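Below, read A as the first sequence line, B as the second, and so on, with proteins coming before strands; counting in each chain starts at 1. The shown structure was predicted, so the numbers you read here are calculated from the model rather than taken from an experiment.
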Number of protein chains: 2
Amino acid sequence: MDGAIIFRQYLKRKNLRETVERRTILAEVRSLHKHFTVDDLQFRFRKRRRTVSRATLYRTLIHLVESGLVRKLDLGQREAIFEYQFNHAHHEHMICLKCGKVIEFTNHEMERLQEAACRARRFRAVRHYLQILGYCRGCR
Amino acid sequence: MDGAIIFRQYLKRKNLRETVERRTILAEVRSLHKHFTVDDLQFRFRKRRRTVSRATLYRTLIHLVESGLVRKLDLGQREAIFEYQFNHAHHEHMICLKCGKVIEFTNHEMERLQEAACRARRFRAVRHYLQILGYCRGCR
DNA sequence: GTAACTGCAAAATGTTTGCAACGAT
DNA sequence: ATCGTTGCAAACATTTTGCAGTTAC
């Protein structure tokens, strides 16, 4: 199933409207295929002489996160980082403190342990991430 | 070995001075035995008619984190959360989105997997945390 | 036609910084 | 005496919000 349809259904369910801005933002996010910030989005729109206000970007991202199409990472420094995640496998992150590079990796055993830990504590997880901050091969 | 001594050594090594404020903040942090925010600290000092400025709290926390005595968690919402971690085993966090409760747990196998992942990618980790956001037993 | 949405600018939030007075060494 | 430290207030960076005009339904 397509991300655009998921979003349409989400909007309908919440009695929200499908506007040009919301469609444009989702399309941009899907075309990015990597991590992005609110600034990144705004810059890309401006380059194409298509402006969407900062407020609308923030407001729409809240909905995209809520609909499950986008994941928000809080790395603590500077702005929040987002990524389109529909149909992508859940993955973990290593972030280089020097060059900012983000290394993604998947580990099924780690996934399994996380699920087991939640089950043992009757915790219903809605979002989880492992973040490893440090220095990558080139920067160490 | 004692946290106060570790901090003293750290300060000396960095050519920083051991002031009343720094000693007071570390003592408070150690006596807390749980997660805290900058606001929490300021409030506790004010209650005891002992004021330490916000700027000094922020500046001292940077040193405490750097010295390894305190860990900073970026949960993305609102302010940063800190915890005294000297002599505590590294642990993971589950955070309840409704009641704010923080459940800590340790899993050696998970630790091992994290270390292996870093080794495989020649990544030197300085800080890593697994954060699971969701709903705890009482709030689900 | 109604209620939601947008852009703007202002406000709010959390953190950092410049500076003059102060204090540890 | 020197140079790091403090508190204050101002600056900063990011995100949120109030409002008046606009648009989807």
Length of the line joining B/Asn15:CG and D/dC3:P, which is rounded to integer Å: 10 Å

Note, A/Leu26 side chain near A/Glu18 side chain (heavy atom, < 4.5 Å): no

Stretch residues 42-56 of chain A: residues that reach within less than 4.0 Å of DNA chain D through a heavy atom: A/Arg54, A/Ala55

Among A/Thr60, A/Leu69, A/Val70, A/Thr24, the one residue meeting side chain to side chain contact (heavy atoms under 4.5 Å, CB included) with A/Val29: A/Val70

Output a table of nitrogen or oxygen pairs between the protein and nucleotides 19-22 of chain C separated by less than 3.5 Å.
none

Verify same cluster id: B/Tyr58, B/Phe82 (apolar side-chain graph, 4.5 Å): yes

Rounded interatomic separation in angstrom, taking CD from B/Glu21 and P from D/dG4: 17 Å

Single hit among A/Leu64, A/Val65, A/Ile81 for side chain to side chain contact (heavy atoms under 4.5 Å, CB included) with A/Lys72: A/Val65

Side-chain heavy-atom pair B/Val38, B/Arg54 within 4.5 angstrom cut-off: yes

Check: protein-nucleotides 23-25 of chain D nitrogen or oxygen pairs below 3.5 Å:
from: D/dA24; atom 1: N3; to: A/Arg17; atom 2: NH1; distance (Å): 3.1
from: D/dC25; atom 1: OP1; to: A/Glu18; atom 2: N; distance (Å): 3.3

Backbone N/O of A/Arg121 and side chain of B/Arg137: donor-acceptor pair under 3.5 Å: no

Interatomic distance, A/Leu41 CG vs D/dT15 P [rounded to whole Å]: 12 Å

Separation of atom OH in B/Tyr58 from atom C1' in D/dC8, rounded to whole Å: 15 Å

Interatomic distance where NE2 belongs to B/His63 and P belongs to C/dT16 [whole Å]: 12 Å

Criterion side-chain hydrogen bond (donor to acceptor under 3.5 Å, both in side chains) on B/Glu83 and B/His35, from CA distance to verdict: CA-CA 5 Å; B/Glu83 61 182 10; B/His35 300 85; 2.6 Å; yes

